[in-house]
Amino acid sequence: MSSPEITRPKTRTHTVGEALKAQQGTVVTIMGWVSTKSSIGGIKFASLRDGSGYIQVACKRDRVSEEAFAAFESVTRESAVGVTGLIREDKRAPGGKEISVTDFWIISRADDWPITRSAVKSASFLYDKRHLAIRGKKASAIIRIRAEIVYAAFDYFVDNGFTLISAPSIVQNAVEGGSTLFEINYFGKKAYLSQSAQLYEEAALAALGKVFIFQPAFRAEKSKTNKHLTEFWMIEAEQAFANQDDNMKLQENLVKSMAERVAKNRNEDLKILGRNLKVPEVPFPRITYDEARETSIKKGLPFEWGEDLPTDSEREVSKDFDVPFFVTGYPLTARSFYHMTEETNDKVTKSADLIAPEGFGEIATGGQRIHDYDSLTKRIEGQDLPRESFEWYLELRKFGMPEHSGFGIGAERTTKWICGLKHIRGTSLFPRTITRLKP
Ligand code: 4AD
Ligand code: MG
């Protein structure tokens, strides 16, 4: 068959997602990456991906030029290609549509794909090749879900009158204790990478009332676990004239809206991950630290009153729940210096952790802050903290500091729970852990 003259378009007419919605008979030009190839009888098939979806393309020798057919036959997996063709309804095709190819060309040919079943001997190999592995169906589904969680948070805060702020990542203060600080040399002075923007949020309150922030936090976590990154992104919020009860309400409504939004907009991605997500209703269940400790002891995991809830206990307690729940009233000894204590018991803080169910564990920590100058001074001095670097934070308490509260929720921990993942590293495009600094 003599092939007609074809002028190859330089741009696409449709994304894959748009092509999947186009009507039977529509002529489309799409561009994307070859995800898989196969052939049945004389027909060659490929699945193309461009980030907006996957579409099956079918190429028959007598419908295309010799050159196009040769290109289709020889194209390697992960090559970038262009396709022109007709949309055909086909129930057997994934997504119900297929492109019947009239032209096919290679834009950038790929070498032999290194991530094969036989090459993948460990998860570590996949993370060495993370710059390529993120193209996988599951890997990219997780990244889209994480994005949806963050969009949900932004919408939620904006709708509720919060202002987005930013804060420095190079700081002088430890917010969450000295043991996980990354030290840096700042022109000959000691500085640290920020563990949390909370103290800056508190300063912003008197200017803006209700604030939120989304930025990286750094923790020199020395232990290898499936829930710690050394660099992660935190969504934090802080409100003036709000107590710990208001704070928990804010958190549960936020987390509900995140789960709802993912269930609605990223259902396909949840399916790719095989995740059956239960969207929680508010109010979330609440148990006290003492109750959590009792349950843990009953399950054979005793620990001293005053210690932070150990990871094993947190996991076991959370298996009794199928929606996120709060653990309230942590002992002061398990909390950072800024926490306010109960009027009736100065050993117990007005704080809570939000724990994801089914063993996923802590996703958020929040609490009411000390707003009184003298109490905070006593606390800082009592804990031998360097008063000079907290001088500005203390001074806020001299210029109209009302009752206030806030929390921080980890974007990656939340994604881990919503996606139902065993390990946190898959929630980060390029994770940083104690053993990983590459790629
Ligand atoms: O519980 P954390 O340490 O609390 C704070 O930093 C408070 N200052 C926040 C605030 O009140 N504004 O951290 C908050 C959340 C955790 O619940 C967890 O989701 C996440 O941040 N997180 C981590 N995520 C991944 N890797 C780590 N190493 C994390 N450390 C904390
Ligand atoms: Mg915490």
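In this text the structure is predicted, and so the values were computed from the model without any measurement. In listed order, ligands and their atoms are each counted from 1.
Of the options Tyr338, Phe218, Phe232, the smallest heavy-atom separation from atom 31 (C) of ligand 1 is shown by Phe232. For atom 26 (N) of ligand 1, the candidate residues are Leu354, Leu229, Ile434; the nearest heavy-atom contact is made by Leu229. When Met234, Glu201, Glu362 are checked for heavy-atom proximity to atom 16 (C) of ligand 1, Glu362 turns out nearest. Between the choices Gly177, Ala411, Gly408, the shortest heavy-atom distance to atom 9 (C) of ligand 1 belongs to Gly408.
Between Gly410 and ligand 1, at least one N/O pair is under 3.5 Å apart.
Although no hydrogens or angles enter the test, the distance criterion places no donor-acceptor pair under 3.5 Å between the side chain of Lys416 and the main chain of His423. Counting only distance, with no hydrogens or angles, the side chain of Ser296 and the backbone of Leu301 share a donor-acceptor pair below 3.5 Å. For the pair His339 (side chain) and Ser336 (backbone), a donor-acceptor distance under 3.5 Å is present. Tyr156 places a side-chain N or O within 3.5 Å of a backbone atom of Leu250 that can act as its donor or acceptor partner. Lys347 places no side-chain N or O within 3.5 Å of a backbone atom of Leu332 that could act as its donor or acceptor partner. A side-chain donor-acceptor contact under 3.5 Å links Asp246 to the backbone of Asn243. Between the side chain of Thr76 and the backbone N or O of Ser79, no donor-acceptor pair lies under 3.5 Å.
Against a heavy-atom cut-off of under 4.0 Å, Arg369 is close to the following atoms of ligand 1: 10 (C), 11 (O), 12 (N). In the vicinity of Ile363, heavy-atom distances shorter than 4.0 Å reach the ligand 1 atoms 16 (C), 17 (O), 18 (C), 19 (O). Residue Glu221 approaches ligand 1 through these ligand atoms, each under 4.0 Å from one of its heavy atoms: 28 (N). Atom numbering of ligand 1 starts at 1 in the shown order; those under 4.0 Å from a heavy atom of Gln198 are 7 (C), 8 (N), 10 (C), 11 (O), 12 (N). In the vicinity of Ile424, heavy-atom distances shorter than 4.0 Å reach the ligand 1 atoms 25 (C). Taking a cut-off of under 4.0 Å to the non-hydrogen atoms of Ala364, the atoms of ligand 1 that pass are 17 (O). Near Lys227, meaning under 4.0 Å from one of its heavy atoms, ligand 1 places the atoms 25 (C), 26 (N). Close contacts of ligand 1 with Glu236, meaning ligand atoms under 4.0 Å from a residue heavy atom, involve 9 (C), 10 (C), 12 (N).
Not close to ligand 1: Thr414, with no non-hydrogen atom less than 4.0 angstrom away.
Closest to atom 18 (C) of ligand 1 among all protein heavy atoms lies Arg413 NH1, 3.5 Å. Counting protein heavy atoms only, atom 4 (O) of ligand 1 is closest to Thr365 CB, 3.8 Å. Here the protein heavy atom with the shortest distance to atom 2 (P) of ligand 1 is Arg219 NH2, 3.9 Å. Distance from atom 7 (C) of ligand 1 to its nearest protein heavy atom, with residue and atom name: Glu176 OE2, 3.2 Å.
Annotation: cation-pi pair Arg397/Tyr393 present, NZ/CZ under 6.0 Å from the ring centroid and within 45° of its normal. Geometrically, Arg335 engages Tyr330 in a cation-pi contact defined by less than 6.0 Å to the ring centre and at most 45° from the axis.
There is no side-chain donor-acceptor pair under 3.5 Å between Thr230 and Arg436.
The nearest pair of heavy atoms linking Thr415 to Ala411 is OG1-O, 2.6 Å.
Remark: Arg275 engages Glu358 in a salt bridge, criterion side-chain N to carboxylate O under 4.0 Å.
Looking only at its N/O/S atoms, Glu362 has OE2 as the one nearest to the Mg ion (ligand 2).
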